[in-house]
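Okay, so here's the structure we're looking at.
What you see below is based on every heavy atom in this structure, not just the backbone, and it leaves out hydrogens, waters and symmetry mates. Sequence positions, counted from 1, serve as the residue numbers for this chain. Each ligand, and each atom within it, is numbered from 1 in the order the structure gives.
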Amino acid sequence: MTLPTYAFFEGKIVPYGQAKVGVMNHTLNYGTGVFGGIRGYWNEEQEQLFVFRPLDHFKRLLNSAKIMCSQVEYDENELRDVALELLRREELREDCYLRPLIYKSDELIGVRLHDLSDDVAMFAVPFTRYVERDEGAHVTFSSWRRIDDNMIPARGKITGAYVNSALIKTDAVRAGFDEALVLTQEGHVSEGSAENIFLLRNNRLITPPVSDNILEGITRRTVMTLAEQELGLEVEERSVDRTEVFLADELFMTGTAAQITAIVRVDHRAIGDGVMGPATAELRRLYSDVVRGRIKQYLHWTTPVYVNEPTPVA
Ligand code: PMP
C-alpha cells in the first residue's frame, strides 16, 4: 500500500515520515486507542471528492473515546475540518480511505485508562476494494466468538479489540473463505470481522440488534434507510440464529471498507440461487450513486472536499 504524503499529528499536518510515536507509547503497548474508517469517493463528472457521512463517523469516534475515558480538544465539526484539509493537502483525486485515530500519547508502564494524555492523528490513502469477491463472497462461521460488551465494548471502535477481528479474518482466509461471520457468546449471529450483516427473508430485511455486540455501523444505518425509503422493504432488528442464515433468500455484509458485499455461499451452502440476489444488486447500485453525490435527496450525507472555481462570467 502506498504511504500517505502527509499526516495530521500533534495538532498539525506534517510530512508522513514525521508522524511517529515512541515504542513506549501506551496505545502501542496496550491497545488503548480508538479509531475510525471513512471513505472518500471521486466523482469524475463533477471532478469532486465526496466524503461519506463524516460527522456521523467523527461522532462515533468521540463516543468510542468516551468509553475509553479519552478526551480531545476537538469536536466532530473540527475533526471534519481537519479531514477535509488533509485530503486537500494530499490532493487525492480518486477513491480513498481516511483513518482518524485517538491514542494515549504517554510513554509509561501501567495498564489503565485514567490520568493519561490523548492525542489525535489522521491520514488518508487511495483505496478501492476491501473484500476480494464483493459481488459473490463465500463466508464461514468463525470458531472465534465476538467480544462481549462486558469484556471489550464492541460498540466502541477500540484498537485492541481488533485482535478479535484479525483472528476471525485470518482463520477464514487461510481456510479458503473470503470472510467469516462471528457468533455472540449466546450463539446468535453478530457480524463479520469488520462488517455488519443483513439477511433478506420473505421480503423482510433482517439485521442483528445493537445489543448483539455489533459495531453500530454507519453503512448499516445507511442501508436500513435506503432499503425502507427506496426499496420499500420492512427492516427488522432482531437476534438471528445461525441456521436462519442458511435459509436466507439473500445475504450481504455492509461496512465502510466492504461497502455492500454480496454473500452467495456460507460454509459451502448456496444462499438462495447461489448468485447475488436482486435486492442486493439494487442496494449496491443505489449505494454507489449515493456515496458519489449523484442522488439529490442524499446529498446531505456527502461532503465535498474541493471548492470548485466558479465559472467566470463572460
Ligand atoms: N463491524 C465492525 C467490527 C467494523 O470494524 C466495521 C467497520 N468500521 C463495521 C462493522 C461496519 O461499520 P461502518 O459501516 O461504520 O464502517
Side-chain angles (χ1 to χ4, degrees), residues 31 33-41 51-65 67 76 79-80 83 95-102 122 124 127 129-131 134 137 139 142 144-149 151-172 179-184 188-198 205 207-227 235 237 240 251-261 263 283-284 286-288 290-291 298 301-302:
V34 299
F35 68 108
I38 307 173
R39 264 194 192 255
Y41 288 94
V51 184
F52 192 59
R53 302 188 74 163
L55 285 181
D56 293 303
H57 277 281
F58 286 119
K59 255 183 249 158
R60 185 177 68 191
L61 180 74
L62 293 173
N63 281 341
S64 296
I67 292 173
E76 62 267 25
L79 289 170
R80 188 246 348 247
D95 290 355
C96 57
Y97 191 84
L98 182 84
R99 164 59 47 77
L101 177 69
I102 297 176
M122 223 184 280
F127 199 69
R129 214 201 280 250
Y130 179 70
V131 177
D134 70 357
V139 310
S142 183
W144 298 97
R145 291 293 167 111
R146 179 72 177 141
I147 42 166
D148 186 89
D149 193 47
M151 297 172 185
I152 303 178
R155 69 167 44 74
K157 214 169 153 55
I158 299 164
T159 57
Y162 278 72
V163 168
N164 184 237
S165 293
L167 290 165
I168 294 162
K169 179 81 179 198
T170 288
D171 284 4
E179 248 297 347
L181 301 177
V182 60
L183 305 176
T184 62
H188 290 128
V189 179
S190 179
E191 56 178 349
S193 72
E195 305 89 5
N196 295 113
I197 179 84
F198 283 87
L205 200 56
T207 194
V210 293
S211 48
D212 274 350
N213 295 323
I214 65 167
L215 183 81
E216 297 175 3
I218 288 155
T219 321
R220 174 180 179 273
R221 252 153 61 199
T222 303
V223 162
M224 288 163 77
T225 304
L226 294 177
V235 183
E237 289 177 83
V240 172
L251 194 62
F252 60 84
M253 297 185 289
T254 63
T256 297
Q259 306 178 99
I260 300 177
T261 291
I263 301 174
L283 282 167
R284 278 166 59 97
L286 258 172
Y287 186 76
S288 136
V290 165
V291 294
Y298 299 106
W301 282 340
T302 52

Minimum non-hydrogen distance to atom 15 (O) of ligand 1, winning option of Arg53, Arg220, Arg146, Arg60
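Nearest option to atom 15 (O) of ligand 1, by heavy atoms: Arg60.
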Pick from Ala194, Gly255, Ser193: the one approaching atom 6 (C) of ligand 1 most closely through a non-hydrogen atom:
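Among Ala194, Gly255, Ser193, the closest heavy atom to atom 6 (C) of ligand 1 belongs to Ala194.
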Tell me whether Lys157 reaches ligand 1 (any heavy atom closer than 4.0 angstrom to a ligand atom).
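Contact check Lys157 vs ligand 1: positive.
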May I ask you to identify the nearest protein heavy atom to [atom], giving residue, atom name and distance to one decimal place in Å?
atom	value
atom 14 (O) of ligand 1	Thr219 OG1, 2.6 Å
atom 5 (O) of ligand 1	Tyr162 OH, 2.5 Å
atom 3 (C) of ligand 1	Glu191 OE2, 3.4 Å
atom 16 (O) of ligand 1	Thr256 OG1, 2.6 Å
atom 12 (O) of ligand 1	Gly217 CA, 3.4 Å

Given 3.5 Å as the limit, does a donor-acceptor pair link the side chain of [X] with the main chain of [Y], or not?
X	Y	value
Arg39	Ala257	yes
Thr225	Arg221	yes
Ser190	Asn213	yes

Say whether Ile218, considering both its backbone and side-chain N or O atoms, lies within less than 3.5 Å of an N or O atom on ligand 1.
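Ile218 vs ligand 1: N/O contact under 3.5 Å present.
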May I ask you to check if ligand 1 and His57 share an N or O to N or O distance below 3.5 Å?
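His57 vs ligand 1: no N/O contact under 3.5 Å.
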So how far is it from Phe198 CZ to Arg220 CZ, rounded to the nearest 0.5 Å?
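Answer rounded to 0.5 Å: 6.0 Å.
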Are Glu191 and Arg146 ion-paired here, with the side-chain N under 4.0 Å from a carboxylate O?
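Looking at Glu191 and Arg146, the cut-off is met.
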Tell me the closest heavy-atom pair linking Asn164 and Ile147, and the distance in Å.
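Scanning both residues, the minimum pair turns out to be OD1-N, 3.4 Å.
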Indicate the atoms forming the closest heavy-atom contact of Pro54 with Arg80, along with that distance.
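Taking every non-hydrogen atom into account, CB-CG, 3.8 Å.
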